[in-house]
Student: 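Handing you a structure now.
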Amino acid sequence: VYDCTEDEQVAFLKTKGGNPVACLCFSPNEKYLAVGESGQQPGIVIWRWNIAVQVVTLKRHKFAVSQICWSPNNKYLVSLGHAHDPVVIVWLWKKA
C-alpha cells in the first residue's frame with residue numbers, strides 16, 4: 001500500500017494462499033481493504049490494511065473474482081465472479 005501524500009510505502013500485504021490479485025476496493029470508512037483473487041478457488045481477503053492484519057477470507061467463487069464493492073455502511077460486500085463463474089454474491093462479511 002502506497003501513500004501518495006507522503007510519497008512512501010506504508011504496508012505490504014500478502015495473502016496466505018498466494019493467489020494473484022484480480023481486484024481490490026477500500027471500504028467507505030477506510031478501515032478495510034477487500035482483495036479479490038484469481039486462479040482456482042479464489043478468495044476475497046479482507047484486511048485491516050493500516051495494521052496489515054487479515055480479518056477474514058471469503059470463499060465461494062470458482063475461478064476468479066472480477067469485481068468487488070462495499071455497501072455504504074460497510075456491512076455488506078458484493079462480488080462478481082469471472083466470465084466462467086458468472087455469479088454475484090452479497091456477503092454479510094463480518095458473520096463469515
Side-chain angles (χ1 to χ4, degrees):
V1 178
Y2 191 82
D3 184 338
C4 295
T5 59
E6 298 296 323
D7 195 28
E8 66 182 1
Q9 181 176 331
V10 294
F12 181 79
L13 309 175
K14 184 175 182 194
T15 62
K16 292 176 184 172
N19 285 341
V21 171
C23 56
L24 53 88
C25 186
F26 280 99
S27 63
N29 67 4
E30 300 179 357
K31 289 184 181 180
Y32 302 100
L33 175 65
V35 178
E37 298 177 325
S38 63
Q40 292 289 331
Q41 303 301 315
I44 299 169
V45 182
I46 309 293
W47 292 86
R48 280 294 305 266
W49 70 271
N50 59 335
I51 57 173
V53 171
Q54 288 186 27
V55 177
V56 67
T57 300
L58 309 170
K59 292 206 173 236
R60 285 275 195 268
H61 291 286
K62 295 178 182 170
F63 298 106
V65 180
S66 62
Q67 294 183 33
I68 46 182
C69 185
W70 294 90
S71 64
N73 65 359
N74 304 298
K75 187 174 182 179
Y76 300 98
L77 187 70
V78 178
S79 61
L80 173 64
H82 185 267
H84 298 293
D85 182 22
V87 176
V88 174
I89 301 173
V90 178
W91 305 87
L92 183 58
W93 69 275
K94 285 191 176 181
K95 301 263 184 192

Student: Suppose we screen for side-chain hydrogen bond (donor to acceptor under 3.5 Å, both in side chains). Which residues come up paired with Asn74, at least two apart in sequence or across chains?
Tutor: none

Student: Please give me the minimum heavy-atom distance between Gly43 and Val65, naming the atom from each residue.
Tutor: O-CG2, 4.1 Å

Student: What pair of heavy atoms forms the shortest contact from Pro42 to Asn19, and how long is it?
Tutor: CA-ND2, 3.9 Å

Student: Distance check, rounded to the nearest 0.5 Å: Arg48 atom CZ versus Gln54 atom CD?
Tutor: 14.0 Å

Student: Could you tell me whether the side chain of Leu77 reaches within less than 4.5 Å of the side chain of Ile46, counting heavy atoms only?
Tutor: yes

Student: Which residue pairs pass the ring-ring contact (aromatic ring centres under 6.0 Å, His included) test when at least one of the two sits in residues 63-86, sequence neighbours left out?
Tutor: Trp70-Trp93, His82-His84

Student: Mind checking side-chain hydrogen bond (donor to acceptor under 3.5 Å, both in side chains) for Ser38 and listing every partner two or more places apart, or none if nothing turns up?
Tutor: none

Student: So how far is it from Leu33 CG to Asn50 CG, rounded to the nearest 0.5 Å?
Tutor: 10.5 Å

Student: Name each donor-acceptor pair under 3.5 Å that joins a side chain in residues 21-32 to protein atoms two or more places apart or in another chain, with its distance.
Tutor:
unit_1, atom_1, unit_2, atom_2, d
Ser27, OG, Asn29, OD1, 2.6
Ser27, OG, Glu30, N, 3.4
Ser27, OG, Lys31, N, 3.3
Ser27, OG, Tyr32, N, 3.0
Ser27, OG, Tyr32, O, 3.4
Asn29, OD1, Lys31, N, 3.0

Student: Might you point out which heavy atoms bring Glu6 and Asp3 nearest each other, and give the distance in Å?
Tutor: N-OD1, 3.2 Å

Student: Testing the basics here: between Asp85 and Ala64, what is the closest heavy-atom pair and its distance to 0.1 Å?
Tutor: OD2-O, 4.3 Å

Student: With sequence neighbours excluded, tell me which residues meet side chain to side chain contact (heavy atoms under 4.5 Å, CB included) with Lys59.
Tutor: Thr57

Student: Do Leu92 and Lys75 come within less than 4.5 Å of each other through their side chains, counting heavy atoms only?
Tutor: yes

